[in-house]
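Contents: one structure, followed by commentary.
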Amino acid sequence: MFAGLKGRFEVMENSAHKALEQPFSTVGDLIRGTALIQNRYTVENGGLCGPFINRAMALALSSCEINGAMGKICAAPTAGSCGILPAVLISVRDRLGLDDQKVYEGMLTAAGIGAVVMKNATVAGAEGGCQAECGVAAAMAAAAAVHMSQGTSQMCANACGFALMNVMGLVCDPVAGLVQIPCALRNASQTVNALISADMALSGAPCLIPADEIIEAMYRVGKALPVSLKETGEGGLAATPTGQAIREKIFGKL
């Protein structure tokens, strides 16, 4: 079991670091160099939120950039949300000085949350919006962070619930139909969501709505979203004048 997790984490760690020092070309180059810019800002400035949060965002952006460049990533739970779990696992490991065994345990915790969502709802943006992709990835990562921080099983469930609450109703509206904008930025923001949700749970704060009910509510909300807001590129940011201009520049007029 851990041998398989080791291989997957190696892929995660590689994609989370690969674009920190050099840009990679993607279709339309919509997110080329974003990880490098974020990482440089972290190193040189530290940012308003401090180097821990800003570094975590850079790691998430790197995985997204590698995905956009058709590089090797680990879908967690999807390719469009591939940056969130790696960024949290690496950040928490480095912050707490943990060994690889604890990282693998965190991955198993995340996988358990993902399995529950897959059984009872969806992780597909085309079915449930971005709440089902980046939102579920944040929930998985939040639970992993809690376990890695010696939290209880109930705290893991609470962190999952907090993360999904924070992203309830988020639409899937990729500009030009590409998994770049706003997908990469949401990987960064949902990495932060996962970390603050973990901290809320670790503080002992109760999640008054049980995680199972939140997952069910997320699924119902996803079903209620119009088709234009579920990965079709027909609504939201994709439908803005600039979003349409980007699509025409890359693919031409329909």
Side-chain angles (χ1 to χ4, degrees), residues 5-100 102-104 106-107 110 130 133-135 137-138 140-142 144-145 148-149 163 174-175 178-199:
L5 292 173
K6 178 178 184 293
R8 285 166 175 77
F9 184 64
E10 287 174 352
V11 173
M12 288 183 176
E13 193 156 33
N14 183 59
S15 67
H17 287 98
K18 197 170 184 179
L20 294 181
E21 302 297 336
Q22 64 175 354
F24 285 80
S25 291
T26 63
V27 176
D29 279 339
L30 301 182
I31 58 172
R32 175 183 168 87
T34 54
L36 184 152
I37 292 169
Q38 183 68 40
N39 186 54
R40 184 176 295 161
Y41 174 72
T42 303
V43 173
E44 296 177 354
N45 185 288
L48 295 175
C49 295
F52 175 70
I53 290 295
N54 277 284
R55 172 74 169 181
M57 290 193 290
L59 293 169
L61 289 168
S62 176
S63 291
C64 292
E65 193 168 336
I66 297 305
N67 179 52
M70 305 307 290
K72 190 174 185 179
I73 53 91
C74 184
T78 65
S81 60
C82 68
I84 298 165
L85 182 57
V88 171
L89 292 172
I90 294 167
S91 297
V92 174
R93 178 200 65 184
D94 294 348
R95 182 69 168 261
L96 300 181
L98 303 176
D99 59 19
D100 288 344
K102 204 65 181 177
V103 174
Y104 305 152
M107 293 173 72
C130 198
E133 289 206 29
C134 288
M140 293 165 60
M148 293 168 70
S149 302
V175 172
L178 300 171
V179 186
Q180 296 186 46
I181 299 294
C183 316
L185 306 181
R186 288 178 181 162
N187 272 252
S189 66
Q190 292 311 305
T191 293
V192 179
N193 178 22
L195 291 168
I196 63 173
S197 295
D199 260 342

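As the structure is a prediction and not an experimental result, all values here were calculated from the model. Residues take their numbers from the sequence shown, with the count starting at 1.
- Remark: E21 engages no residue in a salt bridge (Lys or Arg N to Asp or Glu O under 4.0 Å) (not counting sequence neighbours).
- Side-chain atoms of V92 and V103, non-hydrogen and from C-beta on, never get closer than 4.5 Å to each other.
- In this view, T26 and Q180 satisfy the side chain to side chain donor-acceptor pair (under 3.5 Å) rule, not counting sequence neighbours.
- Note: L48 CG to Y41 OH = 4.5 Å, rounded to the nearest 0.5 Å.
- Residues D99 and K102 form a side-chain contact, since some pair of their non-hydrogen atoms from C-beta on lies under 4.5 Å apart.
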Could you list the donor-acceptor pairs under 3.5 angstrom formed by side chains in residues 52-61, with sequence neighbours left out?
unit_1: N54; atom_1: OD1; unit_2: Q38; atom_2: NE2; d: 2.8
unit_1: N54; atom_1: ND2; unit_2: G46; atom_2: O; d: 3.2
unit_1: N54; atom_1: ND2; unit_2: G50; atom_2: O; d: 3.0
unit_1: R55; atom_1: NH1; unit_2: N39; atom_2: OD1; d: 2.8

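- Applying the salt bridge (charged side-chain N to carboxylate O under 4.0 Å, His left out) rule to pairs touching residues 84-94 yields E13-R93, sequence neighbours excluded.
- Atom OG in S63 sits 7.0 Å away from atom CD1 in I90 (nearest 0.5 Å).
- The minimum heavy-atom distance linking C183 with C134 is given by the pair O-SG, 4.4 Å.
- Using a 4.5 Å heavy-atom cutoff, the side chains of L85 and M12 are in contact.
- When side chains are defined from C-beta on, S81 does not count as touching Q190, because their heavy atoms never get closer than 4.5 Å.
- With contacts defined as side-chain heavy-atom distances shorter than 4.5 Å, the pair I84/M140 does not qualify.
- I73 pairs with exactly one of C64, P86, S62, S15 by the side chain to side chain contact (heavy atoms under 4.5 Å, CB included) rule, that one being S15.
- Atoms CD1 and CG, from I31 and N67 in turn, are 7.5 Å apart once rounded to the nearest 0.5 Å.
- Residues A144 and A110 come closest through the heavy atom pair CB-CB, 4.2 Å.
- Remark: K18 engages no residue in a salt bridge (Lys or Arg N to Asp or Glu O under 4.0 Å) (not counting sequence neighbours).
- One distance of note links CZ of R186 with CG of N193; it measures 13.0 Å at 0.5 Å rounding.
- Residues E65 and T34 are in side-chain contact: their nearest non-hydrogen atoms beyond the backbone lie under 4.5 Å apart.
- In this structure R32 satisfies the side chain to side chain donor-acceptor pair (under 3.5 Å) test together with S25, sequence neighbours excluded.
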